[in-house]
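Comments concern the structure below.
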Amino acid sequence: LGYPEVNLNLGCPYPMVAKRKKGSGLIAFPQEIKYMLQSWFENPPIKLSIKLRLGYENKDEIYPVLDVLNCFPLDEIILHPRIGKNLYKGRADTEAFAQALEYSNHPITYNGDIDSAEKFRKLSEEFPTIDNWMIGRGILCNTFFVEEIKQLKPKTDMEKKIRMKNFIEELWQAYEDQYGHPSQALNKMKQHWIYLSQWFSNPHKVYKMIKKSNSEYKYKERVGVIFKECD
């Protein structure tokens, strides 16, 4: 398909994944990771990067894994400094990230809790050697986040609303085109609105309106009400 790189995800924290020794559940088994990488690098078809957490049960689990990773020519490591069992609770452990940064031989991308331009600025100052940053939930909640980080020209609230509404309509259409049925698109959009609702001043009210939509008509009607009445 033309992809130049594949990413091995050892970061997923959800129990249904981790308990099957997948995602962050594999971090406690460095020898199995070593076996996987040996198989890959016998004849690597494309580049390989790895998404990683500090561990699943505790943050010291990362060091035996980094010992293994240091033996292979990975393209990069993307590190979210939480353990899997914490899911997204508490704060990202930047001290543990700093220690892992020194321990690793590979370029590391920072991921975790980048949810404002101010937070990004502080992290950039704390880790001046980091060139790459991964943003997940922050940009799902605020589609203008990258523009804010880059300090692009501020847009009016009205222009932002128009762009956001257009984006949401295009996203719906893309899902409907992909799945061929409005009910599938509705299920997908409800998941997006868990995050998109955070852009509004009353996210609980906004998400509740979307969650109760049981048809394409009701969904689109309520999206119209949200953009007309909610700030």
Side-chain angles (χ1 to χ4, degrees), residues 1-14 17-115 117 119-140 145-146 149-150:
L1 295 175
Y3 291 101
E5 176 185 328
V6 66
N7 180 262
L8 176 61
N9 186 355
L10 301 184
C12 181
Y14 290 103
V17 174
K19 288 180 179 179
R20 297 168 63 194
K21 291 172 68 174
K22 296 181 178 181
S24 60
L26 192 58
I27 297 174
F29 303 93
Q31 289 307 307
E32 295 194 24
I33 296 171
K34 182 178 181 180
Y35 175 76
M36 292 170 65
L37 296 182
Q38 285 173 334
S39 299
W40 175 272
F41 284 107
E42 283 177 2
N43 186 24
I46 52 178
K47 295 186 291 186
L48 181 70
S49 62
I50 289 185
K51 177 80 187 305
L52 191 63
R53 283 201 176 210
L54 297 173
Y56 186 71
E57 296 281 350
N58 67 78
K59 62 184 180 181
D60 291 331
E61 289 175 352
I62 193 175
Y63 294 107
V65 174
L66 289 177
D67 283 333
V68 168
L69 302 187
N70 281 341
C71 298
F72 295 93
L74 300 171
D75 197 52
E76 70 171 334
I77 294 171
I78 303 163
L79 179 57
H80 182 136
R82 279 187 174 88
I83 62 171
K85 289 192 77 170
N86 283 349
L87 298 178
Y88 297 98
K89 299 173 184 175
R91 66 174 187 84
D93 190 339
T94 53
E95 182 178 333
F97 179 87
Q99 293 169 355
L101 186 61
E102 290 190 14
Y103 202 88
S104 175
N105 293 340
H106 295 97
I108 291 190
T109 293
Y110 180 93
N111 168 237
D113 291 3
I114 305 176
D115 54 14
K119 176 71 73 66
F120 176 77
R121 185 187 62 79
K122 288 181 178 179
L123 286 167
S124 299
E125 292 173 354
E126 187 172 357
F127 300 111
T129 62
I130 297 292
D131 293 324
N132 295 325
W133 306 83
M134 176 179 280
I135 301 172
R137 291 167 297 150
I139 202 166
L140 293 177
F145 191 21
V146 172
I149 286 175
K150 291 178 174 290

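The figures here come from the full heavy-atom set of this structure, side chains too, leaving out hydrogens, waters and symmetry mates.
The neighbour count for Lys119 NZ, taken as heavy atoms of other residues, nucleotides or ligands under 6.0 Å away, is above 12. Within 6.0 Å of atom NZ in Lys51, more than 12 heavy atoms from other residues, nucleotides or ligands are found, so the atom counts as buried in its surroundings.
For the atom pair Ile108 CD1 and Asp131 CG, the distance stands at 12.5 Å (nearest 0.5 Å). Atom CG of Asn86 sits about 9.5 Å away from atom CG of Asp93, to the nearest 0.5 Å. Expressed to the nearest 0.5 Å, how far CG of Leu101 lies from CD1 of Ile130 amounts to 4.5 Å. Note that the CD1 atom of Ile27 and the CD1 atom of Ile83 stand 10.0 Å from one another [nearest 0.5 Å]. One distance of note links CD1 of Ile139 with CD1 of Ile114; it measures 10.5 Å at 0.5 Å rounding.
Taking the six-membered ring for Trp and the full ring otherwise, Phe97 and Phe127 have centroids separated by under 6.0 Å.
Between the side chain of Arg137 and the main chain of Asp115, no donor-acceptor pair closer than 3.5 Å is present. A donor-acceptor pair under 3.5 Å links the side-chain atoms of Asn111 to the main chain of Met134, judged by distance alone. Using modelled atom types, one side-chain atom of Ser24 and one backbone atom of Cys12 make a donor-acceptor pair closer than 3.5 Å. No side-chain donor-acceptor contact under 3.5 Å links Arg91 to the backbone of Asp113. Checked by atom type and distance alone, the side chain of Arg53 pairs as donor or acceptor with a backbone atom of Leu87 at under 3.5 Å.
Between Gly112 and Ala92, the shortest heavy-atom distance links the atoms O-CB, 4.3 Å. Residues Ala100 and Ile62 approach most closely at CB-CD1, 4.2 Å, considering heavy atoms. Listed here is the closest heavy atom pair of Met36 and Leu26: SD-CD2, 3.7 Å. The shortest heavy-atom contact between Leu54 and Ala96 is CD1-CB, 3.7 Å. Looking at every heavy atom in both residues, Leu37 comes nearest to Val68 through CD1-CG1, 4.3 Å.
With respect to Ile78, the side chain to side chain contact (heavy atoms under 4.5 Å, CB included) criterion is satisfied by exactly one of Leu52, Asn7, Leu10: Asn7.
The side chain to side chain contact (heavy atoms under 4.5 Å, CB included) search around Glu5 returns Lys47, Ser49, Asp75, Glu76, not counting sequence neighbours. With sequence neighbours excluded, the residues satisfying ring-ring contact (aromatic ring centres under 6.0 Å, His included) with Tyr63 are Tyr103. Here Glu126 pairs with nothing under the salt bridge (Lys or Arg N to Asp or Glu O under 4.0 Å) rule; sequence neighbours left out.
Under the 4.5 Å side-chain criterion, counting only non-hydrogen atoms from C-beta, Ile149 is not in contact with Trp133. Taking the side chain as every heavy atom from C-beta outward, Ile77 and Ser104 approach each other to under 4.5 Å. Looking at heavy atoms from C-beta onward, Asn70 lies in side-chain contact with His106 at the 4.5 angstrom threshold. Under the 4.5 Å side-chain criterion, counting only non-hydrogen atoms from C-beta, Leu48 is not in contact with Phe72. By the 4.5 Å heavy-atom criterion applied to side chains, Tyr56 and Pro13 are not counted as neighbours.
Under the 30°/60° scheme for interplanar angles, the aromatic rings of Tyr14 and Tyr88 are found to be tilted.
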